[in-house]
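Data first, discussion second: the structure below is written as structure tokens.
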Amino acid sequence: MARRKKIYEGKAKTLFEGPEPGTIVQYFKDDATAFNAEKRDVIEGKGVLNNMLSEYFMTGLTNIGVPNHFIRRMNMREQLVRACEIIPLEIIVRNFAAGSISKRLGIEEGTQLPRPVIEYCYKDDALGDPLVSEEHIAAFGWATQQDMDDIVSLALRVNDFLSGVMYGVGIKLVDFKIEVGRVYDGDFQRLIVADEISPDSCRLWDVETGQKLDKDVFRRDLGSLTDAYSEVAKRLGVMPKGAVPMKPTLIN
Ligand code: UDP
């Protein structure tokens, strides 16, 4: 059987050429990394959970009209997505202080921020994805002013959607990261949400107990990562306990 062409191998996913032009297959691996890959492990089942959860969130975004790359899930570890030119930025939205902003600005973890705060990091592993300002983004041509307006609008819409969905199942959305890519439709170009949305890229805390249900469980050695991600999936009805994973319905 002919092997599919590998396009890119990242820390948590491998990308293959898709079956039709303009499509890509995203394969979710079980590899977990943190602190710019200084800490690494293989966590059985993580890839399956992230594949299902990213499908769930992207489908929800499609249903409320937030453009994203998701086309369909192919199997337990793979999904078909639209190819796009990734803008080399990690777009972070924060509702509560945690992680790097707490360290950088001395804000106690868990403090509610006066409003959602958006930060940008330049995607470059060798540099450790440094924080950059809009001034850097414009000066170095990573995105135009129009792109930045669209990115802010996408980021805030994703934030409202995800915050609401998570709050509905007793989970606080502390912060998250998205990536955005450019697609061309004839003469027009637009930006869409790409990469993945999963507990690998969000901070999720139980509303009642404050228990962490995200990658900090791995970063900070707080217990079983699959238990944490399974709990998120179970609450969302993505993977009911002991049942075959439920398929989210796409509204047309
Ligand atoms: N994040 C991510 N990938 C990165 C950096 C951050 O998905 O390369 C997510 C991270 O999981 C958290 C949010 O972005 O939900 C904010 O991360 P922060 O800057 O606090 O980073 P950290 O504490 O991991 O250094």
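Whatever order the structure lists ligands and atoms in, that order sets their numbers, starting from 1. Reckoned from all heavy atoms, side chains included, excluding hydrogens, waters and symmetry mates.
The heavy atom nearest to atom 4 (C) of ligand 1, considering only Glu90, Lys177, Glu196, is found in Glu90. With Glu109, Lys103, Arg203 as candidates, the residue nearest to atom 22 (P) of ligand 1 on a non-hydrogen basis is Arg203.
The closest protein non-hydrogen atom to atom 19 (O) of ligand 1 is Ser100 OG, 2.5 Å. For atom 12 (C) of ligand 1, the closest heavy atom belonging to the protein is Asp175 OD1, 3.1 Å.
Counting heavy atoms under 4.0 Å from ligand 1, residue Arg94 touches it through the side chain alone. Within the 4.0 Å heavy-atom criterion, the part of Cys202 lying near ligand 1 is the backbone and not the side chain.
The pair Lys172-Asp206 fails the salt-bridge criterion, with no side-chain N (NZ, NE, NH1 or NH2) lying under 4.0 Å from an Asp/Glu carboxylate O.
For Arg104, the CZ atom sits in a packed shell: over 12 heavy atoms of surrounding residues, nucleotides or ligands are nearer than 6.0 Å.
Shown in contact with Gly99 at under 4.0 Å from a heavy atom are these atoms of ligand 1, numbered in order with element: 20 (O), 23 (O). Distances below 4.0 Å separate heavy atoms of Asp129 from the following atoms of ligand 1: 8 (O). Ligand 1 places these atoms under 4.0 Å from at least one heavy atom of Ala98: 20 (O). In summary, the atoms of ligand 1 found under 4.0 Å from a heavy atom of Ser201, numbered by their order in the structure, are 7 (O), 9 (C), 11 (O), 15 (O).
Look at Asp200 and you'll find a heavy atom under 4.0 Å from some atom of ligand 1. Between Arg219 and ligand 1 there is a heavy-atom distance shorter than 4.0 Å.
Using cut-offs of 30° and 60° for the angle between ring planes, the Trp142 and Tyr122 rings count as parallel.
The one candidate from Lys177, Lys46, Lys215, Arg219 that meets the salt bridge (Lys or Arg N to Asp or Glu O under 4.0 Å) condition with Asp200 is Lys46.
A cation-pi arrangement, defined by a distance under 6.0 Å to the six-membered ring centre and an angle within 45 degrees of its axis, is absent between Arg77 and Phe28. A cation-pi arrangement, defined by a distance under 6.0 Å to the six-membered ring centre and an angle within 45 degrees of its axis, is present between Lys212 and Trp205.
Residues Glu78 and Asn75 have side chains that bring a donor and an acceptor to within less than 3.5 angstrom of each other.
Between Val158 and Ile197, the closest heavy-atom pair is CG1-CD1, 4.2 Å.
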